[in-house]
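Have a look at the structure below before the remarks.
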Amino acid sequence: MRRYSAFAIAREALRHHTGWERAWRSPEPKKHYKVIVIGAGGHGLATAYYLGKNHGIRDIAVLDKGWLGGGNTGRNTTIIRSNYLQDPSAAIYEKSRSLYETFSQDLNFNAMFSPRGVLMLAQTQHEKRGYLRTAHANALQGVDTEWVGPERVKEIVPIINIDGPRYPVLGGLWQARAGTARHDAIAWGYARACSGMGMDIIQQCAVTGVRSEGGTVTGVSTTKGDIACDKLAIVVAGHSGQLAEVAGFRLPIESAPLQALVSEPIKPCIDCVVMANTVHGYMSQSDKGELVIGGGTDSYNGYTQRGSFNHIEDTVRALVETFPIISRLKMLRQWGGIVDMTGDRSPILSKTPLGNCFINCGWGTGGFKAIPGSGWAMADLVAKGEPGPLAADFGLDRFREGRFIDESVAAGVAH
Ligand code: FAD
Ligand code: PYC
């Protein structure tokens, strides 16, 4: 695979861009692979990438029922931060954030990582206590966050209304090294690198069955025929419950729609990400100038990639209260994804009751930020059959044993 570089751009400009290779191959499936990953979202592709890069396993197929990156990975609002409360979460999200910093160099693909800072507003005393606690925990964990008062909030985001009619801003949890990245580029960068290592990414290939013998996985049935494998990784986010049922076990997961919207593009007015969880809205500005906006999940379970209308109104109302200058903006488009939520708002990276079958899910409303760290940890689990230090606490057994990793304050989105 030829490297992208300034020299390559100049060379292709001179020959009318006729020499670019396809970023990844589109092969037909082979009969057998060492590892099959179901789901070509960020987490599935990152799992395959680190299996190849860190463990030398390259006989891998990544299967997707749609197009790669067409699930939540291509539908999210790209917020990257590691300001979680519990030690296992801080470790995996901070690993992920640090891998985002070097993603473009490591994968030779521009991820447009923008460490512009993320501010989580406290608008009730309860929220203030929660974020102060997180700031102290982060200091012990080596995660660089700080509690800032209302005056500093106003300095960081001049367009904010800190004297809100319902909920004045009491301060916020500020992570200066947090930010955003281009979501499609993350899927495309991993896909190109996986394909370059000889792995097969097979799109339009829905998994309809999981085959096993004596309690151990032997392969999958798909819309492109049966494919055998030694190990299987299920990484399908909102469809995790369905795939687990197909594989013969149950998950403590609910799926619900989460939506986002963008405004018409305007001149730069906000250069960080602001999340206001009490009033249920968050906002940043894209490079094109659109305000990227989101709110809470739908309050009922579902598989519609759309989201209900009342949420658009509630979210926009909350943001107009917090940022009155946006009141005359037109909203341009809206979309949704299906998020997979656990009761403790923490992910599952685990062995399953089926031998050699592993699952990575439960990232819910917040898994974009986790893609590189999750892929790293999942690759470890699949390669060795046992979780490494990053995944050790996120097993399915925690639900049976009551070892919850409560991240409801850090989840960032009301649900
Ligand atoms: P996906 O990208 O959904 O990939 C799963 C893939 O599995 C899909 O491509 C799907 O087609 C495939 N699949 C499903 N069933 C089958 C099958 N039977 N056979 C084959 N393939 C199958 N997170 C953040 O950190 N920051 C944010 O700002 C943020 N904002 C969000 C905003 C919205 C509106 C949404 C919806 C989510 C947001 N998230 C955010 C969450 C984040 O997008 C997800 O946690 C993350 O993208 C999940 O990635 P994934 O690879 O696990 O899943
Ligand atoms: O996890 O930071 C997050 C987030 C913001 C919006 C959706 N998820």
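Both counts, for ligands and for their atoms, begin at 1 and track the order of listing.
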Does the residue Gly307 have a heavy-atom contact with ligand 1, meaning some pair of atoms that are separated by less than 4.0 Å?
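The answer is no, since Gly307 has no heavy atom less than 4.0 Å from ligand 1.
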
Please verify whether a non-hydrogen atom of Ala206 lies at under 4.0 Å from ligand 1.
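It does; at least one heavy atom falls under 4.0 Å.
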
[Y]/[X] salt bridge by N-O under 4.0 Å criterion:
{"X": "Asp106", "Y": "Lys53", "value": "no"}
{"X": "Asp397", "Y": "Arg400", "value": "no"}
{"X": "Arg250", "Y": "Glu245", "value": "no"}

Taking atom 28 (O) of ligand 1 as the point of reference, which of Leu261, Thr208, Thr77 owns the nearest heavy atom?
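Of the listed residues, Thr77 has the closest heavy atom.
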
Who's closest to atom 44 (C) of ligand 1 heavy-atom-wise, of Ile234, Asn72, Val235?
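The option holding the nearest heavy atom is Asn72.
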
[X] to ligand 1: N or O pair under 3.5 Å?
{"X": "Leu243", "result": "no"}
{"X": "Gly42", "result": "yes"}
{"X": "Thr73", "result": "yes"}

Non-hydrogen atom of Ala260 closer than 4.0 Å to ligand 2:
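Judged by the 4.0 Å heavy-atom criterion, Ala260 does not count as contacting ligand 2.
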
Quick one: does ligand 1 sit under 4.0 Å from the side chain of Thr222, the backbone, both or neither, non-hydrogen atoms only?
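Under 4.0 Å from ligand 1, Thr222 contributes no heavy atoms.
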
Backbone, side chain, both or neither: what part of Cys361 comes under 4.0 angstrom of ligand 1, heavy atoms only?
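Under 4.0 Å from ligand 1, Cys361 contributes no heavy atoms.
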
Which ligand 1 atoms does His43 reach within 4.0 Å, using its non-hydrogen atoms?
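Counting from 1, the qualifying ligand atoms are 48 (C), 49 (O), 50 (P), 51 (O), 52 (O).
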
